[in-house]
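Structure first, commentary second.
Counting convention: from 1, in listed order, for ligands and their atoms alike.
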Amino acid sequence: MQRVFSGIQPSGVPTLGNYLGAIRNWVPMQDDHDCIFCVVDLHAITVWQDPKQLTQQTREMAAALLACGLDPRKCILFVQSHVRAHAQLAWIFNCVARLGWLNRMTQFKDKAGKDRENASAGLYVYPNLMAADILAYHATRVPVGEDQKQHLELANDIAQKFNHDYGVTFFPAIEPLIRGVAARVMSLRDGTKKMSKSDPSDQSRINLTDDPDTIALKIRRAKTDPLPLPEHVSGLEGRPEARNLVGILAAITDTLPENVLREHGGKGFAQFKEVLAEALVAHLSPIAAEIRRLLADPHAIDAALHAGAERARAIADPIVARTQEIVGFLPER
Ligand code: TYM
């Protein structure tokens, strides 16, 4: 069985983008892959996180993943900081990756913004930690949204350079799995920006915990253009907001944008938005209810995460020990 790894930051409630671009694709993989999923708190602190909120959001993220269908009997689910192997391997990768490679990372440029001198060093080496997350398990398949593609290419460069420099065939090649019409869900306020947990406007995203009225209101207020929906996908060209809403309905109802347009082409947005809001509420309400139910017992969530960390360590520790040996570190014992 191929090994799968993916991660998600506990930097807020998961959005519809996280759900459609990543989490929903993780669920069926549990049946035919050896799956490892991680709440990446080490990544989250590359930008400031309030400590109390980080603790709470880490639990909420775990609850959300469980509510979406991750099953600890079928996959390993844990918190990144509980498994030291991630930080250990990341340090070695900091010494393999080249500054020139990191300088090309568009997400660093976006997140650091204009005040780059003031960005954390952690934010700069963020992709090296991602490479460590995956390679500490010799995972070969990584299901993510479109925005992570460049980071995974860098992870492959790191694996190759490590193997080359030390004359080994130790780290495998990684295959990014970027799937479906919703690999890039856009903001509801601006069809050229991705939907994000960190957008200052809550109106720009659907959160998995939003109640039905909030979902309906956000969809009703979503930016659109004045034209009716086109009859064919080619008519979405140059209409990013229309493309986004059609893509969301297609993804949530498990169909293709052409089928959505076959049914709704020619309608105005007011009518289409009613259909979309209804589909979203039907799909997301049971998930929100399950998140609330799970959060009523935080100890059970923590226990599941601790058990997951133990299983993760059993895989990652020997791989990191072997990496240290290849590098030439004196054996610990
Ligand atoms: P994060 O927490 O930003 O997002 C988690 C997953 O959700 C996807 N995603 C989206 N997909 C479609 N449309 C969107 N608007 C959208 N927003 C987010 C992301 O692509 C991601 O798959 N660096 C990663 C976490 C990470 C990781 C890893 C992933 C850490 N280590 C190792 C894979 C392998 C991140 O910040 O994801």
Side-chain angles (χ1 to χ4, degrees), residues 3-26 29 35-47 49 57-58 60-62 64-65 68 70 78-81 83 85-87 89-90 93 105-108 110-111 122-123 125-137 139-156 158-159 174-199 204-208 240 243-244 247-248 251-252 312 316:
R3 184 167 286 154
V4 163
F5 183 97
S6 204
I8 187 161
Q9 296 194 57
S11 46
V13 180
T15 67
L16 186 66
N18 297 132
Y19 178 66
L20 295 178
I23 306 170
R24 203 176 61 145
N25 300 328
W26 301 354
M29 296 189 95
C35 286
I36 305 174
F37 299 116
C38 183
V39 181
V40 293
D41 52 354
L42 300 179
H43 277 103
I45 62 161
T46 56
V47 297
Q49 302 290 334
Q57 287 177 354
T58 302
E60 280 171 7
M61 183 54 79
L65 296 177
C68 290
L70 294 193
F78 71 104
V79 175
Q80 191 181 28
S81 63
V83 178
H86 294 252
L89 191 58
F93 287 172
M105 294 297 110
T106 54
Q107 202 161 88
F108 174 75
D110 291 348
K111 283 202 177 175
L123 189 64
V125 294
Y126 179 113
N128 300 346
L129 177 59
M130 261 183 82
D133 295 340
I134 302 160
L135 293 167
Y137 300 90
T140 51
R141 315 194 86 191
V142 184
V144 286
E146 170 75 35
D147 60 337
Q148 299 301 317
K149 191 164 171 239
Q150 196 185 31
H151 289 158
L152 298 185
E153 284 163 5
L154 186 97
N156 269 326
I158 290 175
I174 299 164
E175 185 194 348
L177 303 177
I178 300 169
R179 288 238 175 92
V181 281
R184 194 169 175 79
V185 178
M186 308 312 276
S187 155
L188 299 178
R189 308 300 306 162
D190 177 351
T192 63
K193 258 173 53 184
K194 78 167 180 183
M195 184 180 284
S196 160
K197 292 182 278 237
S198 54
D199 192 308
S204 70
R205 62 181 161 261
I206 304 281
N207 305 307
L208 290 195
R243 176 188 294 280
N244 190 36
I248 291 173
I252 209 96

List the closest protein heavy-atom neighbour of [atom]: residue, atom name, distance to the nearest 0.1 Å.
{"atom": "atom 17 (N) of ligand 1", "value": "M195 O, 3.7 Å"}
{"atom": "atom 1 (P) of ligand 1", "value": "K197 NZ, 4.0 Å"}
{"atom": "atom 11 (N) of ligand 1", "value": "G17 O, 3.2 Å"}
{"atom": "atom 31 (N) of ligand 1", "value": "D133 OD2, 2.6 Å"}
{"atom": "atom 37 (O) of ligand 1", "value": "Q148 NE2, 3.9 Å"}
{"atom": "atom 25 (C) of ligand 1", "value": "G7 O, 3.5 Å"}
{"atom": "atom 7 (O) of ligand 1", "value": "N18 ND2, 3.1 Å"}
{"atom": "atom 13 (N) of ligand 1", "value": "V185 N, 2.8 Å"}

Counting heavy atoms only, which part of [X] comes closer than 4.0 Å to ligand 1: side chain, backbone, both or neither?
{"X": "V142", "answer": "side chain"}
{"X": "I134", "answer": "side chain"}
{"X": "Q9", "answer": "both"}

**OP:** First locate atom NZ of K149, then atom CD of Q107, and finally report the distance between them rounded to the nearest 0.5 Å.
**Re:** 14.0 Å
Can you check which of [options] brings a heavy atom nearest to [atom]?
{"atom": "atom 12 (C) of ligand 1", "options": "S198, A44, A183, S6", "value": "A183"}
{"atom": "atom 23 (N) of ligand 1", "options": "W26, Y19, F5, Y126", "value": "Y126"}
{"atom": "atom 6 (C) of ligand 1", "options": "G145, A182, A22, S196", "value": "A22"}
{"atom": "atom 20 (O) of ligand 1", "options": "L177, V144, I178, D147", "value": "D147"}

**OP:** Check the angle between the aromatic planes of F78 and F5 and answer parallel, tilted or perpendicular using the 30° and 60° thresholds.
**Re:**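 Ring orientation, 0 to 90° scale: perpendicular.
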Original post:
Is it true that D199 and R189 make a salt bridge, defined as a side-chain N closer than 4.0 Å to a carboxylate O?
Top reply: no
**OP:** State the atoms of ligand 1, each with its element, that fall below the 4.0 Å cut-off from a heavy-atom position in R184.
**Re:** 12 (C), 13 (N)
**OP:** Report, in ascending order of atom number, the atoms of ligand 1 lying under 4.0 Å from any heavy atom of G21.
**Re:**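 Here the atoms of ligand 1 in question are 11 (N), 12 (C).
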**OP:** Can you sort out the partners of D41 under salt bridge (Lys or Arg N to Asp or Glu O under 4.0 Å), two or more places apart, ordered by chain and number?
**Re:**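 Salt bridge (Lys or Arg N to Asp or Glu O under 4.0 Å) check on D41 returns nothing, list empty.
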Subject >> Partners passing side-chain hydrogen bond (donor to acceptor under 3.5 Å, both in side chains) against R24 (at least two apart in sequence or in another chain) >> reply: none
Subject >> R3, CZ: over 12 other non-hydrogen atoms inside 6.0 angstrom >> reply: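 Counting neighbours around CZ of R3, more than 12 heavy atoms of other residues, nucleotides or ligands fall under 6.0 Å, so yes.
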